[in-house]
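Note sheet for the following structure.
Keep in mind the model is a prediction, meaning the values are calculated, not measured. Sequence lines set the chain letters: A, B, ... in the order given, protein chains first and strands last, and positions in each chain run from 1.
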Protein chains: 2
Amino acid sequence: MSKPEVTTTKLDDAARAGWLYYVAGNTQDEIAAKLGISRQSAQRMVSLAVSEGLVKVRLDHPIAHCLDLAEQLKQRFGLKMAEVVPTDPGSSSTTLGVADAAAAEMTRWLRSDVPIILGIGTGRTLKAAIEQLSPIECPQHKVVSLTGNISPDGSAAYYNVIFNIADKIKARSFPMPLPVIASSPEERELLHSQAMIRPVLELSARANVAFVGIGDLEEDAPLFIDGFISREELQALRAAGAVCEIIGRAFNENGEPIGGLTNDRVASAQIPPRETALVIATAKGPKKLPGIVAAIKGGLINGLITDEHTAEILLSR
Amino acid sequence: MSKPEVTTTKLDDAARAGWLYYVAGNTQDEIAAKLGISRQSAQRMVSLAVSEGLVKVRLDHPIAHCLDLAEQLKQRFGLKMAEVVPTDPGSSSTTLGVADAAAAEMTRWLRSDVPIILGIGTGRTLKAAIEQLSPIECPQHKVVSLTGNISPDGSAAYYNVIFNIADKIKARSFPMPLPVIASSPEERELLHSQAMIRPVLELSARANVAFVGIGDLEEDAPLFIDGFISREELQALRAAGAVCEIIGRAFNENGEPIGGLTNDRVASAQIPPRETALVIATAKGPKKLPGIVAAIKGGLINGLITDEHTAEILLSR
DNA sequence: CGCTTGTGTGAGTAATTGCCCATACGACAA
DNA sequence: TTGTCGTATGGGCAATTACTCACACAAGCG
């Protein structure tokens with residue numbers, strides 16, 4: 001399962017090699033000579049440092065076009081915050097770029113000295129963002145999960161990232177130890193009234209900033225792929241006009257919640273109130289477009305991190 | 001002087017190319033294709049982004065900070081070599097870490113195929129370093145002791161490590177079978193002129209690399225604790241301004257040898273000339289600080305192995 | 001107009017890097 | 001002890017990148 005289990009000394013050496021390579025500008029041959037190892041080993045160390053995420057690259061240049069687009073997004077859609085990253089024309093990754101940008105934005109918030117409450121949704125993009133996050137000690141903050149973290153089969157929901165982020169930033173974390181979608185509305189009420197859960201819900205309502213993903217509801221909707229809803233439930237949602245899902249709750253093209261269906265059983269917290277919280281969605285790509293549009297229309301979010309291409313389409317509507 | 005004056009659009013393009021290269025992980029060929037330029041131009045853009053400082057690399061690992069400090073030490077104090085090991089906040093050991101680092105540095109030298117002359121001082125840190133040393137067969141090298149190995153009571157000086165190291169590395173070793181401090185200047189001359197000793201002294205002057213400790217001269221100075229000098233001699237040295245001792249010889253805060261006193265009787269070799277030899281001091285901790293500063297000021301050493309905390313204090317002066 | 005100068009481009013080539021494979025080494029079970 | 005497995009290592013080679021050079025083009029100037 002997962003973790004490649006790399007020993008500490010290995011990582012130390014890898015960090016050394018990575019430093020010599022990226023910071024000191026040595027070639028791998030030189031590193032090999034200095035460390036008394038073969039060039040191949042040096043190469044392995046450098047690439048280990050990269051793959052273990054020790055090496056972070058940042059570009060200190062606001063690309064004019066992206067800045068323009070971000071500004072236009074804010075103006076046009078009344079967003080409090082918008083960030084646009086360059087599009088990689090050839091890549092079909094749905095997280096590339098926006099994940100880094102989201103991580104950077106999180107870091108900006110976490111660096112604050114005044115304690116904040118950080119709400120965290122779920123999804124592939126967020127997971128990728130957390131992976132990019134540099135470790136930073138901020139015990140003054142609280143991180144609260146906006147969704148349950150238990151899969152229908154009882155296992156931990158893979159894309160629930162509350163533990164990952166809490167680990168990285170050493171803040172107090174508040175997971176929601178319950179299923180993403182309850183089996184009935186009554187069960188949801190029962191769960192939500194538990195003494196363990198109520199404080200978490202209250203905390204989430206007081207979040208200062210929240211990062212959420214936007215899930216599409218196409219044939220391969222993440223909610224379906226990950227087993228939270230059945231194919232029939234997915235089709236019912238679509239038939240009812242649902243175009244996207246945010247922390248498990250489905251919305252139609254105007255950003256209005258779908259009545260009934262799985263929405264009655266979603267055990268997530270509410271999206272933190274946009275009056276008091278900055279709710280940032282991270283999403284890019286054509287599949288997410290209807291969802292982004294809906295989220296904006298319905299005022300579900302007031303912050304957006306997306307890519308150049310998606311931003312252009314949003315603005316051309 | 002002046003900026004090379006690169007236009008904004010150029011930098012924008014460079015930033016874009018740099019982003020595609022470093023963040024999106026494209027090859028320069030792919031970038032060229034995507035941006036519709038030649039591969040060479042793509043390469044130029046990327047390297048422009050780097051040279052303009054748009055690309056910032058950070059290493060998320062404690063080691064990175066150590067390497068940064070080492071680089072600063074070299075720059076600031078004109079050292080040929082510097083190594084900084086992480087400080088273990090909980091430990092008060094004066095050898096932890098630096099000993100391993102010293103052993104590693106020795107190993108790097110010993111792995112050389114071309115014969116080298118390795119000078120060895122004395123002290124607790126060096127003894128610990130030798131203990132860390134992995135056995136390695138290198139009969140091509142010579143190891144020469146820089147100090148005598150006989151205690152005032154006639155026993156072997158405990159922290160003289162020439163035999164330990166010779167044993168480990170199977171090299172020809174050259175001990176100095178005489179007291180660390182002679183009873184009089186005349187005796188020292190007599191001892192040094194012995195047929196058995198002279199070649200050793202000559203060899204030490206031709207050392208390629210030497211490892212020495214830096215001894216403090218506080219109340220519990222190693223030189224006193226180990227019985228090489230009396231309490232009165234120690235006090236006289238301190239009164240004369242001595243702050244540290246390297247292979248038995250006392251120096252003031254500017255790294256200048258104290259005139260007279262025990263220095264007239266120290267039977268050690270001279271510190272190998274820094275023009276031809278790399279003289280590496282291994283020392284860490286607040287007690288050693290004045291000594292390290294003195295050794296650097298006086299140009300007594302041109303290499304340093306220390307720990308993070310000590311390095312930071314050195315650089316903050 | 002012709003010349004110089006500086007900038008940008010592509011070709012060619014050397015240097016560097018990434019990756020595959022054969023081998024060696026150590027742990028562990030038979 | 002032997003065999004096997006997983007891991008680490010170095011050689012070799014292909015891909016990628018960095019650099020040098022020659023040339024094209026445009027601006028400035030006599």
Excluding sequence neighbours, so at least two apart, what forms salt bridge (charged side-chain N to carboxylate O under 4.0 Å, His left out) with [X]?
X        : answer
B:Arg108 : B:Glu83, B:Glu105
B:Lys168 : none
B:Arg39  : B:Asp29

When you measure from the side chain of [X] to the backbone of [Y], do you find a donor-acceptor pair of N or O atoms at a distance under 3.5 Å?
X        : Y        : value
B:Thr310 : B:Gly285 : yes
A:Lys56  : A:Gln132 : yes
A:Asp226 : A:Gly123 : no
A:Asp307 : A:Val85  : no

Taking OP1 and OP2 of [N], is either one under 4.0 Å from a side-chain nitrogen or oxygen of [X]?
X       : N      : value
A:Gln43 : C:dG18 : yes
A:Tyr21 : C:dT16 : no
B:Ser41 : C:dG10 : yes

Could you tell me the separation between the CE atom of B:Met45 and the C1' atom of C:dT7, rounded to a whole number of Å?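 Rounding to the nearest Å, CE of B:Met45 and C1' of C:dT7 are 13 Å apart.
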Please report the distance, rounded to the nearest Å, between CG in B:Leu48 and P in C:dT9.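 So the two atoms are 12 Å apart, to the nearest Å.
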For the residue pair B:Ile37 and B:Asp13, establish whether any side-chain heavy-atom pair is separated by less than 4.5 Å.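 No, their side chains stay 4.5 Å or more apart.
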Would you indicate whether the side-chain heavy atoms of A:Ile305 and A:Met81 approach each other to under 4.5 Å?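 They are in side-chain contact.
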Of the residues in residues 23-39 of chain A, which ones touch DNA chain D at a heavy-atom distance under 4.0 Å?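 Per residue number, the list reads A:Ser38, A:Arg39.
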Show the nearest heavy-atom pair for residues A:Thr122 and A:Asn160, with the distance to one decimal.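 Closest heavy-atom pair between A:Thr122 and A:Asn160: OG1-N, 3.7 Å.
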Any idea which heavy atoms bring B:Leu20 and A:Thr87 closest together, and the distance?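 Distance-wise, the nearest heavy atoms are CD2-O, 4.2 Å.
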Restricting to nitrogen or oxygen on both sides, can you table the protein-nucleotides 20-24 of chain C pairs closer than 3.5 Å?
none

For the helix from C:dC1-D:dG30 to C:dA30-D:dT1, what angle separates the axis at the start from the axis at the finish, each from five pairs, in steps of 10°?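 Axis-to-axis angle, ends of the helix: 10°.
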